[in-house]
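Keep in mind that the numbers below use all heavy atoms, side chains included, and drop hydrogens, waters and symmetry copies.
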Amino acid sequence: MTAHVQPTGAVAGYRPERTLRLSVELRRQFRRRRTLGVLVLMAALPLVLIAALQLGGTEEAEENARINLVDVATSSGLNFTLFVLFATTSFFLVVVYALFFGDTVASEAQWGSLRYTLATPVPRMRLLRQKWLAALVLSVGALVALVLTALLAGGIAFGFGAVQTPVGVTLGQGEGLLRLAGMVGYLAVHLLVVGTLAFWLSTVTDAPLAAVGGAVFTMFVFAILDQVEQLGSIRDFFPTAEEFAWTDLLQTPVDSGDLFRGVVQSLVYAAVFTALGFRHFSRRDVTS
């Protein structure tokens, strides 16, 4: 009998690193309706915006003397993609990240399958890590899917031309694609704040809606407070302070100050929320 038991007490042949592989967790998540629904929305949203821009009236746009990303959205496919990012940064992408991160643990707890997964046996920290990585892959994948769909659909509708910035500066197609990649990378990091907050809440509650809604509501509160100028420099430490810093990549030369500060601040918030999630889950009595 002892030949079948390792010194640690585990059964011979048991390897914790082979349990719940990332590919297995990703397949489980891809089969869920909410994953397919989000991907469909990511593909449909640019098409809806193209239809709105094509069918919308032009008289009011001509009378508007203020230059913004909406005015140059139809200049090229790249410009349209920038407009899509600008339109989805504050709400749509926030909800997507909160959904993938906040639903991953709480949903299984609600279904009652979490304890059975741990009884496989899968080490707690490995289970949580795999779910965190799966949520990250799905969130970034959804963001990339949105950008690629907008780029392709916008290029077909408005042409694959250069980027025309709101201030009249033109960027070549190659440089425009490079800067767009930088914008996507920045948003992928910045949105980790709401994602990891939802992840932490997901380890605290068995209700996915509470985890997702709590994270989204918190970000909205900070976004509102960020508009209160009387708060002064305190606003610089809000998680929403640099959410549009990626637009600095449209400048020539690029001002990287806000970009660097936004990345560092987002990583700090993400590290804190992730650590809180792992700490709580390691001490949690999983009964569901």
Would you compute the distance between atom [atom1] of [X] and atom [atom2] of [Y] and round it to the nearest 0.5 angstrom?
X      : Y      : atom1 : atom2 : answer
Thr104 : Arg32  : OG1   : CZ    : 7.5 Å
Ile156 : Ile50  : CD1   : CD1   : 8.0 Å
Leu53  : Thr74  : CG    : OG1   : 7.0 Å
Leu36  : Phe30  : CG    : CZ    : 8.5 Å
Asp255 : Asp248 : CG    : CG    : 5.5 Å
Phe83  : Leu49  : CZ    : CG    : 5.5 Å

Any side-chain heavy-atom pair from [X] and [Y] closer than 4.5 angstrom?
X      : Y      : answer
Arg235 : Glu229 : yes
Phe160 : Leu78  : no
Met183 : Leu82  : yes
Leu85  : Leu143 : yes
Leu180 : Thr81  : yes
Glu243 : Val94  : no

Ignoring hydrogens and angles, tell me if any N or O in the side chain of [X] forms a donor-acceptor pair with the backbone of [Y] under 3.5 Å.
X      : Y      : value
Thr88  : Leu93  : no
Thr149 : Leu146 : no
Ser139 : Leu136 : no
Ser76  : Ala162 : yes
Gln265 : Phe238 : yes
Arg179 : Gln251 : yes
Asn79  : Gln164 : yes
Thr205 : Leu201 : no

Is [X] linked to [Y] within one hydrophobic cluster, defined over Ile, Leu, Val, Met, Phe, Trp and Tyr using a side-chain heavy-atom separation of less than 4.5 Å?
X      : Y      : answer
Met125 : Leu133 : yes
Val254 : Leu178 : no
Leu267 : Phe101 : yes
Leu152 : Leu45  : no
Leu47  : Leu151 : no

Are more than 12 heavy atoms, taken from residues, nucleotides or ligands other than [X], located less than 6.0 Å from that residue's [atom1] atom?
X      : atom1 : result
Phe237 : CZ    : no
Leu209 : CG    : no
Phe220 : CZ    : yes

Give the minimum heavy-atom separation between [X] and [Y], together with the two atoms involved.
X      : Y      : value
Leu191 : Thr89  : CD2-O, 4.5 Å
Ala134 : Glu25  : CB-CG, 3.6 Å
Gly102 : Ser202 : O-OG, 2.9 Å
Ala215 : Val194 : CB-O, 3.9 Å
Val105 : Lys131 : CG2-CD, 4.0 Å
Val193 : Ser266 : CG2-CA, 3.7 Å

Assess the residue pair Ser75 and Phe80 against the criterion (side chain to side chain contact (heavy atoms under 4.5 Å, CB included)); give the C-alpha distance rounded to whole Å, side-chain angles, the decisive distance to 0.1 Å, and a yes or no.
CA-CA 7 Å; Ser75 299; Phe80 174 73; over 6 Å; no
With a 4.0 Å cut-off on N to O distance, would you call Arg261 and Asp236 a salt bridge?
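Salt bridge: no.
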Pick out which of Phe281, Tyr97, Phe273, Phe278 makes a side chain to side chain contact (heavy atoms under 4.5 Å, CB included) with Phe199.
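Result for side chain to side chain contact (heavy atoms under 4.5 Å, CB included) with Phe199: Phe278.
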Trp200 and Thr274 side chains, donor-acceptor separation under 3.5 Å
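Not at all, the side chains of Thr274 and Trp200 share no donor-acceptor pair under 3.5 Å.
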Under the side-chain hydrogen bond (donor to acceptor under 3.5 Å, both in side chains) rule, what do Arg34 and Gln29 come out as? Steps first, then yes or no, please.
CA-CA 9 Å; Arg34 64 107 156 104; Gln29 297 298 329; 2.7 Å; yes
Hey, mind stepping through Thr240 and Met219 against side chain to side chain contact (heavy atoms under 4.5 Å, CB included) and telling me if it holds?
CA-CA 7 Å; Thr240 56; Met219 297 302 289; 3.7 Å; yes
Kindly assign one of parallel, tilted or perpendicular to the pair Tyr186 and His190, based on the angle between their ring planes and the thresholds 30° and 60°.
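Aromatic pair Tyr186/His190 classed parallel.
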